[in-house]
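Take a look at the structure set out below.
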2 protein chains.
Amino acid sequence: MSGPARVTHASTRAAVLDLVRAAGMISRVGLVNATGLTGGTISTVVRGLIDEGLVAETGHAESTGGKRRVMLQLNHFARYAVGVHLDDARITYVLTNLGGAVVARISRAGAGADEPAAVVARVAREVGALIDSVGVERDRILGLGLVAARPAEHHEFGRAVERATGLPVVLDNDATAAAIGEHWSGGVGATSTFAALFMGSDVGAGIVLGGTTYRGPSGHTGEIGHTCLDVDGPRCRCGARGCLEVLAGPAAVVEQARADRALSRAAGLVGGRTRAATPVAADFAAISRAARQGNTRAVALLERSARYFAAAARTLANVLDLEVLVLTGPSFAIAGSIYLPVLRAELDSAFIARDAHPISVRLSPSAASAPAIGAAAIVLQSELVPRRQGLRLPDDLAAEEPPVFGQLVR
Amino acid sequence: MSGPARVTHASTRAAVLDLVRAAGMISRVGLVNATGLTGGTISTVVRGLIDEGLVAETGHAESTGGKRRVMLQLNHFARYAVGVHLDDARITYVLTNLGGAVVARISRAGAGADEPAAVVARVAREVGALIDSVGVERDRILGLGLVAARPAEHHEFGRAVERATGLPVVLDNDATAAAIGEHWSGGVGATSTFAALFMGSDVGAGIVLGGTTYRGPSGHTGEIGHTCLDVDGPRCRCGARGCLEVLAGPAAVVEQARADRALSRAAGLVGGRTRAATPVAADFAAISRAARQGNTRAVALLERSARYFAAAARTLANVLDLEVLVLTGPSFAIAGSIYLPVLRAELDSAFIARDAHPISVRLSPSAASAPAIGAAAIVLQSELVPRRQGLRLPDDLAAEEPPVFGQLVR
DNA sequence: CGAGGATTCTTCAGTTACTAAACAAAGAAA
DNA sequence: TTTCTTTGTTTAGTAACTGAAGAATCCTCG
């Protein structure tokens with residue numbers, strides 16, 4: 001069905017553009033070394049990028065004995081992207097520039113049980129406000145990334161948002177988005193193999209292998225919430241026993257805290273007896289606050305959870321031969337300082353490939369908005385990187401194509 | 001450093017060749033549909049393959065209203081490859097043709113504590129005998145795949161084998177090789193995402209994602225032996241607690257059986273009190289035999305192990321969104337019938353993406369020699385598939401390049 | 001200050017791997 | 001036989017490279 005298969009100019013252009021972005025500032029010779037292409041090719045590709053206004057020449061480097069290199073930089077404010085993260089507890093909006101830097105950011109209460117149509121209208125309104133707040137022309141915005149825990153359920157919603165905002169919409173998983181956000185924000189090498197451990201209202205992992213995000217055949221990748229950590233443990237909603245989610249997920253932590261009268265009172269848990277609309281995230285935050293203020297029962301509770309997370313992270317690292325593990329998402333934004341040392345200790349002492357290469361465990365510098373930033377980054381990628389690379393391979397089935405994430409809807 | 005970056009004719013040629021191999025028999029039009037290339041391109045690529053003697057025209061298909069399709073097939077006996085699997089207990093040799101079909105196969109005792117030089121000489125002799133047994137000319141053999149549990153330790157050994165046999169040698173992990181063997185032998189779709197759960201003297205998993213084998217940045221992929229299944233479990237040699245290997249690996253099963261006097265006697269365990277040279281595999285086989293003959297204690301022991309394996313397999317499937325899981329390796333060749341139903345039940349009831357797509361769990365039809373077959377398949381791949389595809393990307397470090405598996409040494 | 005080397009960047013002819021489209025060949029249906 | 005369908009080949013054209021020559025810029029040293 002779809003178009004030609006050869007690796008066209010488009011992919012080279014995207015690779016060069018991505019190098020310029022990743023490097024921050026680089027010369028044509030630098031691009032020659034980094035890509036393996038010849039100077040002539042780089043010359044023409046760069047000229048095209050400059051003509052489009054995506055890249056600009058910005059001064060010169062020091063001479064190394066001959067002509068000074070002309071330095072190139074991304075023209076950061078040439079294009080923009082919107083990222084929206086639908087969490088149960090909150091909806092986070094960011095507007096980023098071409099470099100993935102956040103230009104504007106707002107956060108509002110979650111949608112709860114509102115009518116879908118009302119939510120669409122609200123999202124469109126809030127996206128409009130976000131854009132207007134910095135006065136960017138609409139035609140400079142490449143699109144809108146919409147990420148959530150179960151993106152497949154938001155397909156129609158995405159279509160509606162597309163109609164309401166007039167922006168092309170890309171759907172994806174929030175954990176995957178968080179990983180892409182980390183990758184895009186630098187800090188992790190361009191070809192690195194890493195996972196973003198995500199904790200929001202639920203748990204997941206975004207996976208990037210050798211610089212390429214891995215989504216799996218049905219987009220259900222990185223379900224570490226259902227990593228088995230006790231074959232005889234309590235039963236999980238997935239049907240199995242002893243999953244990370246039931247043992248140590250945010251909902252489990254909150255439930256355990258609520259069962260502890262003294263802790264409930266000290267932390268001022270809002271959930272209490274009654275099942276409120278979106279209490280897990282709020283209560284988890286309250287427990288984390290209590291822990292940071294030295295409440296030993298809160299600390300013990302979170303450290304217990306962290307030990308389970310550490311075991312799951314180790315499993316993940318061993319299976320995928322990870323180089324980097326980043327903790328992101330709203331819940332890690334709050335409680336990361338408690339989880340981080342526990343995970344680090346586990347992976348330093350028991351990562352199987354540690355003799356071959358170290359594994360770096362760190363907390364995202366922007367954990368709370370990482371999924372939204374990633375959502376915007378996906379838009380940037382899907383606009384700047386070619387849709388499919390390489391040959392289309394068989395399994396010619398695909399009469400009814402499955403929903404594809406991380407690509408523009410329609 | 002290394003060569004050009006564009007996707008050259010070589011990769012298309014390899015893709016077409018691989019399609020011919022995978023399909024068994026296919027027409028040019030079939031290749032057009034499968035690749036997305038035009039008829040003209042397929043025409044010239046196929047002509048090249050026929051000229052090289054790798055592909056042959058073999059009759060016609062029924063007409064569908066017009067000219068009958070000329071069917072193409074791999075010229076199976078145009079080239080050969082040798083696969084060698086170094087297990088602690090046994091060394092397995094196979095000679096396969098271009099299609100990956102086993103032409104000759106021998107199996108000898110493991111090397112134990114023999115001198116490396118002696119082992120090299122022995123391997124070279126036995127490879128020679130293997131080749132001579134079917135009278136294939138040396139120059140039709142593409143190379144020798146050498147797979148083992150820790151391939152990095154066999155680098156020098158591989159060089160020596162290369163010198164002794166005169167064949168180019170490719171090193172790789174045995175679990176990865178087993179996965180490639182399964183992939184190559186068909187049964188698993190060309191673009192499928194699957195894992196080969198491997199049990200020999202130890203435990204591992206070979207991973208193929210969307211048709212591409214995943215080796216990780218340091219080749220330490222699929223270490224499911226160190227999947228955590230009990231955060232408070234017994235300590236493992238990797239430094240952690242409750243790893244699959246200590247809870248349910250072959251060595252653990254054998255140890256548990258030896259502690260059971262009645263079972264030891266019934267199964268006739270050779271290990272007994274003393275630590276013999278390579279008893280684990282033999283004893284594991286004895287336990288499996290006893291279980292198949294209805295010994296309830298042996299059955300209970302293996303089923304207990306299977307439950308742990310099932311939990312680890314579920315974790316793996318959930319993280320990678322697997323479509324297929326194949327059990328391979330010598331130990332599954334013997335005990336697969338006991339493990340298979342337990343794993344199947346677990347994944348049918350608790351695989352998180354099961355609503356999106358089914359996961360098929362099956363036993364390899366050639367579990368015992370799968371790693372050796374895979375080793376040969378790696379040679380076929382590394383000869384017929386281009387080294388690197390796409391652009392070489394940055395992280396320009398790599399002054400001292402790390403050892404690369406799955407590619408020819410030198 | 002100006003020649004000569006070093007380095008960076010551009011230009012341009014040539015190559016490769018494709019596509020598109022016309023054409024030829026072979027069989028089916030009428 | 002004529003006409004249609006399908007398969008496969010040939011040919012001219014094109015995109016995206018490479019390689020090599022040349023232009024531009026800067027440094028150094030007499």
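No hydrogens, no waters, no symmetry mates; every other heavy atom, side chains included, goes into these values.
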Worksheet item: Quick one: are Thr213(B) and Val208(B) in side-chain contact, heavy atoms under 4.5 Å?
Response: yes
Discussion item. Measuring only between side-chain heavy atoms, which start at C-beta, is Thr193(B) closer than 4.5 Å to Asp321(B)?
Written reply: no
Between the protein and nucleotides 7-9 of chain D, are there any N/O to N/O pairs under 3.5 Å, and if so, what are the atom names and distances?
from   : atom 1 : to       : atom 2 : distance (Å)
dT7(D) : OP1    : Arg69(B) : NE     : 2.5
dT7(D) : OP1    : Arg69(B) : NH2    : 2.8
dG8(D) : OP1    : Val70(B) : N      : 2.5
dG8(D) : OP2    : Val29(B) : N      : 3.3
dT9(D) : OP2    : Arg28(B) : NE     : 3.1
dT9(D) : OP2    : Ser43(B) : OG     : 2.4
dT9(D) : O5'    : Ser43(B) : OG     : 3.3

Discussion item. Suppose we screen for ring-ring contact (aromatic ring centres under 6.0 Å, His included). Which residues come up paired with His357(B), at least two apart in sequence or across chains?
Written reply: Phe351(B)
Worksheet item: Once you round it to whole Å, what is the distance between C1' of dA28(C) and NE2 of His60(B)?
Response: 16 Å
Discussion item. Using whole Å, what does the distance between atom C1' of nucleotide dT10(C) and atom CG of Leu37(A) come to?
Written reply: 16 Å
Worksheet item: Rounded to the Å, how far apart are Leu31(A) CG and dT10(C) P?
Response: 12 Å
Item to complete: State, with a plain yes or no, whether a side-chain heavy atom of Arg79(A) is found less than 4.5 Å away from one of Ile141(A).
Response: no
Practice prompt. Rounded to the nearest 0.5 Å, what's the gap from CG on Leu98(A) to CG on Leu17(A)? Could you check?
Written response: 6.0 Å
Discussion item. In whole Å, I'd like the distance from the CD atom of Glu62(A) to the C1' atom of dA6(C).
Written reply: 16 Å
Fill in: Heavy-atom side-chain proximity of Leu31(A) to Leu37(A) below 4.5 angstrom
no
Worksheet item: Would one find a side-chain N or O of Thr41(A) under 4.0 angstrom from OP1 or OP2 of dA16(D)?
Response: no
Worksheet item: Is Thr38(A) touching bases, backbone alone, or none of the nucleic acid, heavy atoms closer than 4.0 Å?
Response: base
